[in-house]
Peer 1: 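I am attaching a structure below and will ask some questions about it afterwards.
Below, chains carry the letters A, B, ... as their sequence lines are ordered, and counting in each starts from 1. Only heavy atoms go into these numbers, but all of them, side chains included; no hydrogens, no water, no symmetry mates.
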Amino acid sequence: MRFQQIDQFAAELKADTRAAVYDGSKKGHEKRTKLLFDEYADPDRLRRIAGEVKQHVVENLDTYLPQVEAKLKANGVIVHWAATAEAANQAVLGIMRARGATKMVKAKTMVSEETELAHFLEKHGMEALETDLGEFIVQIDGDHPSHIVKPIIHKNRREIATSFEENGLGAYNDDPQTITRRARHFLRHKYLEADVGLTGANFVSAESGRLVLVTNEGNSRFCLAATKCHIAMVGIEKIVPRDYDLALFLNLLARSGTAQELTVYTEYISGPKSPTQPDGPEEMHVIFVDNGRTEVLASDCRDILRCIRCGACLNVCPVYRQASGHAYRSVYPGPVGAVLSPLMMGDKFPQKADLPKASSLCGACHEVCPVNIPIPDLLLRLRNRAKEENVPSPGTPPMGAWALLASQPTAWRASLFGGKIINYLPTKLLPIPALRAWEAKRSLPAWRGGEFRKWLKTRKGRANVSPPAPSRAEAKKAD
Amino acid sequence: MLNTERKPITGKRVQLMATCLCDAFYDDVAAATVQVLEYLGVEVVFPEGQTCCGQPAFNGGDWTASRKVVRHTVKTFAGEEPVVVPSGSCAAMMFHGTVLEFENEADLGEVEALGRRTWELGDFLVNGLGVKTWPGRFEATVAFHRSCHSRGTNSSSAASTLLGSVAGLKIVEFGEGEQCCGFGGTFSVSFPNISASMGALKLDHIRAVKPDVLVSGDMSCMMHLGGLAKEEGKPIKTRHLAQVLRDALKNGKLI
């Protein structure tokens, strides 16, 4: 392959898909910026504080995890620990089998995307139905989400209407209200039939053991309305120290993710139904999932574990906008995915070592991140890791010869002179792939190597600009 | 966050880091930088052994190669004077990128010290020397491209302050100004399709406001955007901040 996979994917992307992704992300980003800057005098300060709180959690997980486990148990919750995706799925299956359950309604949770829970349960004869509208559409299409918050950002309503028709959800109609009404009608029955409701958690308070869930469709509430068993799958990094911290995080999450002051539904779940409550799940399980997170924690990219999955970095990313989420071949796309996805591969890091290259390092992701993750720095660290592990990187020019030239002034000056050849020779004839890749899209300016140095020495009245002693000595040594 | 803290300026002597792009392609930008600084009475010293800031290999992931070049640069720019560079990108490499790749190296201290006295040109003029208005005249409608390495630094606001104060010069804003032009160093050649699409989008926004000239503090962005526009058969006029400031002085017969 001549170029990077993601670049190839972007080049072959349907114009419709690119337009849907581009428009969706741009709108999301612009609304977010307006909302944050209209309402807060210094939103950057909030991001920095939130970043510090989450970094503190990440660095003290060994203290917080036992604390949260004790709280949850005291609240009547059964706590499970799953080191791998497989273990997490098995835990869910075990709970369902123990209850003789066969039907699950699922709220949106990224960690269950990591473990491919729905597929796993279906393979074991269980029904696992997505109830978030976007996830539902992805499920009936046999597709994958392409955005953390907006799973179907890559689809337009005509495509959705077609898949509804194909899946027996009414004759073709691409009116969004009709589509939503049909999905709602179908799902309402499913909520009543289900045995188990599965959710994630946006935050878990170590202080109270409260799980916090945010949705806009209210589907997670429905998942827990008629079912007798609630299972929450939670990444081990989802902890915040105190309930008090939620004020900051909920405000930032809604604004960053969907440009809302607050999501429509915010649920606080402290445990299973208490004897005084008329209904609700009588059994509650929390499965804490590692699935590569402790390895990320041990790496020099642990800052990425601060992520609260808002998707703001996807929306602002010019590469994401051109390539779409599916280009990243991962549950987590975009800038955060380009860091997290290769790291979560563990030993198979090389398979996704190209993801961190898919960035112009423009830094827009860092600028919008509600927990201030220095994403470009982490991308750079991973590029260095890929190089050190000798992972091939198509299209990346080799740097050895350049480094040699650029650390020897005499050789450098000679190459400034020698570079003039590109003014006379068609670049097609030059065996430099990077140059040809440049010229495939853009003209190259005329080579004027060394002209500035000549000007500096020969200009009238000012020929006295002299090299400082140390560098002259250096130059001589190199000579 | 980027650490943009600098030693205060004392004395009137600086070392010029011309950048490898100016060394190879854009000699007039480096010359304009010298003329602008000298107009302000600053003595400009050009350490002849200079090559490149090390960024290509740093961004490409080859930190061993990059560190080799950075070590050379640290030796070349020995001394106490501020180092001025007509590029936000090379400046950020010196005060941020190098610190990252030298994190576990014994000579981190020397590398950091050079970063603390390295200034992007516009930042140096406005925040180092305290220049708030620029004399002379430049009759043009200017679109100013905020290059990405100025995020989190004072460079963009400095350039806007200077350009905005030039007689005859009118700045026009264009859409999605916060978006990257698509250059990205080695990204431009390893992701040529995405890189060019990003550039095309930027050019659309710029052309929509019909500027006479596109100005930036970084020639790398200009090389990419100018090259794309030329390849499309619809060239645009690009200038570096230093060239605009120098031409304003010339037009006002101040140099």
Peer 1: Side chain of A/R383, backbone of B/D62: donor and acceptor closer than 3.5 Å?
Peer 2: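 Absent.
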Peer 1: Tell me whether A/E367 is salt-bridged to B/R146, with the criterion being a basic N under 4.0 Å from an acidic carboxylate O.
Peer 2: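 Here A/E367 pairs with B/R146 in a salt bridge, since their nearest N and O are under 4.0 Å apart.
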Peer 1: Please flag which part of A/L382 lies under 4.5 Å from any non-hydrogen atom of chain B: side chain, backbone, both or neither.
Peer 2: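 A/L382 has no heavy atom closer than 4.5 Å to chain B.
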Peer 1: Would you say the side chains of B/E231 and A/S443 form a donor-acceptor pair under 3.5 Å?
Peer 2: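 Per modelled atom types, B/E231 and A/S443 side chains form a pair under 3.5 Å.
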Peer 1: Quick check on A/K26 against chain B: is it the side chain, the backbone, both or neither that has a heavy atom closer than 4.5 Å?
Peer 2: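 Contact with chain B is through the side chain of A/K26 alone.
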Peer 1: Would you mind checking which part of A/L405 comes under 4.5 Å of any heavy atom in chain B, side chain (CB onward), backbone (N, CA, C, O), both or neither?
Peer 2: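 Just the backbone, heavy atoms under 4.5 Å.
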Peer 1: If only atom types and distance count, is the side chain of A/D7 paired as donor or acceptor with the main-chain N or O of B/I194 below 3.5 Å?
Peer 2: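 Yes, A/D7 side chain to B/I194 backbone: donor-acceptor pair under 3.5 Å.
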Peer 1: With side chains defined as the heavy atoms from C-beta onward, is the minimum distance between B/V34 and A/R459 less than 4.5 Å?
Peer 2: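 The answer is yes, as the side chains (C-beta and beyond) meet within the 4.5 Å cut-off.
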Peer 1: Using heavy-atom distances under 4.5 Å, tell me whether B/E176 contacts chain A through its side chain, its backbone, both, or neither.
Peer 2: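 The side chain, not the backbone.
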Peer 1: For a quick check under 3.5 Å, do B/T51 and A/R413 share a side-chain donor-acceptor pair by atom type?
Peer 2: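 Note: B/T51 and A/R413 side chains miss the donor-acceptor criterion.
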Peer 1: Name the residue from B/F46, B/F25, B/Y26 that meets the side chain to side chain contact (heavy atoms under 4.5 Å, CB included) definition with A/F452.
Peer 2: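 It is B/F46; the other options fail the test.
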Peer 1: Test your reading of the model: is there a side-chain donor-acceptor pair from B/Q179 to the backbone of A/V316, 3.5 Å cut-off?
Peer 2: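 Judged by distance alone, yes, a pair lies under 3.5 Å.
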Peer 1: Rounded to the nearest 0.5 Å, how far does NZ of A/K441 lie from CG of B/N193?
Peer 2: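 Answer for the CG-NZ pair, B/N193 versus A/K441, is 4.0 Å.
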Peer 1: Side chain from CB out, backbone as N, CA, C, O: work out which of these in A/W447 comes under 4.5 Å of a heavy atom of chain B, or both, or neither.
Peer 2: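 Both backbone and side chain of A/W447 come within 4.5 Å of chain B.
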Peer 1: Taking 4.0 angstrom as the limit, do A/R381 and B/E103 come out as a salt bridge?
Peer 2: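 Looking at A/R381 and B/E103, the cut-off is met.
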